[in-house]
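Everything numeric here is computed off the predicted structure, so don't read it as measured data. Numbering of ligands and ligand atoms starts at 1, following listing order.
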Amino acid sequence: MEEQTPWTGKLMARIGRQSFVLFVALAIAVIAFTAGMNGWGVLGLLLIMVLAILCSSPPRASVQPPVTADTIEEPIVRSLLPEVSATLSALDIPVMVIASDASVLFQNRAAEKAFGEVLIGAHISARLRSPGILDMVRETIVTNAPNQIEHSERLPSERVYLVRSSPIELGSEAGNGERLFMLAFRDISEVRRLDRMRSDFVANASHELRTPLASLRGFIETIQGPAKNDFKAQERFLGIMFDQTTRMSRLVDDLLSLSRLELKSHIAPDEKVDLVPLLGHVRDALLPLARDVGVDIALHLPEGKAEVSGDRDELVQVFENLMENACKYGQEGKSVDVFLKNAPNTPVEVTVVDKGPGIPAEHVPRLTERFYRVNIEDSRSKKGTGLGLAIVKHILTRHRARLIVKSEVGKGTSFTVRF
Ligand code: ADP
């Protein structure tokens, strides 16, 4: 609500403003009186002049100059900016406040961290050179309407921002004609990365299924056509077709496993599972495969129990995957060693060690990505789907456990699960 000033106060203020003109009017009256004019006439003249001056309209408010580096100290900006800035400082997304000449009046700490310090009062282009952002800011200042664009930064790391420029509504009283604008940067790099991962995943899964399907179709056409009466060839083709369908169903099983794990990733399992019998069970289940590839699986277990909180079936899946990989990618004629460590006051650890060719260091950080394989042909020939370690990682995340991979080319690889 506007505060009411008493009429006497207003009158005194007006007289104060017009004091010079009143003084001149008084001087004219005195001169007229001394020149012999009738006293009543002089008084009447004086009254008319005083009334004319006091009834004249008050002077108009001057138009505020645009905010520039030199005028930032103007009262309006000085009185409003601290309030706006205090609120924006608390935001964890980069935000800048700019004036109608596109000079930066404020940037919060998140903006300083993302884009570096900016000289207050400098034009926005001193910090942000993207023509897209500059055009958008210009348009918002001209139209007083919000706008947004997507903007990528390559340095220091690749980031994608949704940048929005909008006028700050100060209210007619507070703003007093001056306009401020806000530039906010929402980091959408993670959303974009997940989008890309999802579309890569769909593309990879379709590709993995399309290959065996195309091969099945080819064999069916051959059996129906050129090999119609060649029973020997037909038998061979049916064997390959059987392998392809097995591969497809393994892939579908792994995909379903992954999606089930994703659904319950936030619920930690709380069953008590003893790893000693569990590892023995996994080794027994893998004996036929180990025999086929000529590898021995040796268990090194401690005395007594080694209990962890977990889901038994999922932990079986983890150690099956790790031991199967060690057998598949390990060296023929050599052993795969499985160590279970359960010392007091240290985390329970299971390490699967092979003496295979090892994994070059650049591949190690990516092994748990879906469909990531060091050598695609090698993995396919060993009936791999490229999803085994991704499943392992999902299960371990749910179990609050870590997977540590150490590998030396030419010597072998170790996968450690630390609970
Ligand atoms: P796959 O079904 O192809 O085995 P995984 O997700 O289980 O998929 O493993 C991903 C890739 O990691 C494998 O294709 C292989 O290149 C590599 N890899 C996994 N375990 C080992 C290992 N013990 N020794 C060497 N390479 C391995």
Going by the atom numbers of ligand 1, which of them fall below 4.0 Å from some non-hydrogen atom of [X]?
X    : result
G384 : 1 (P), 2 (O), 3 (O)
K328 : 4 (O)
Y372 : 10 (C), 11 (C)
I359 : 25 (C), 26 (N), 27 (C)

What about [X]: any of its N or O atoms under 3.5 Å from an N or O on ligand 1?
X    : value
G388 : yes
L389 : yes
N325 : yes
L367 : no
R373 : no
G386 : yes

Donor-acceptor contact present, side-chain [X] to main-chain [Y], <3.5 Å:
X    : Y    : answer
H399 : I395 : yes
E221 : P226 : no
R398 : L261 : no
E369 : A390 : no
S379 : N375 : no

So which heavy atom in the protein is nearest [atom], and how far is it from that ligand atom?
atom                    : answer
atom 24 (N) of ligand 1 : Y329 CB, 3.4 Å
atom 3 (O) of ligand 1  : S379 OG, 2.6 Å
atom 23 (N) of ligand 1 : D354 OD2, 2.8 Å
atom 16 (O) of ligand 1 : V374 N, 3.1 Å

Classify the side-chain pair [X]/[Y] by whether it contains a donor and acceptor separated by less than 3.5 Å.
X    : Y    : answer
D270 : S309 : no
T385 : E208 : no
Q244 : S215 : yes

Which of the listed options, T385, I391, V405, holds the heavy atom that is closest to atom 2 (O) of ligand 1? T385
Tell me, please: is [X] in heavy-atom contact with ligand 1, that is, under 4.0 Å?
X    : result
G356 : no
N321 : no
H363 : no

For F419, which residues count as a ring pair (Phe, Tyr, Trp, His ring centres under 6.0 Å) partner, sequence neighbours excluded? none
Verify whether the ring centers belonging to Y161 and F115 lie closer than 6.0 Å. yes
Given the options I98, I168, I141, R179 meets side chain to side chain contact (heavy atoms under 4.5 Å, CB included) only with I141
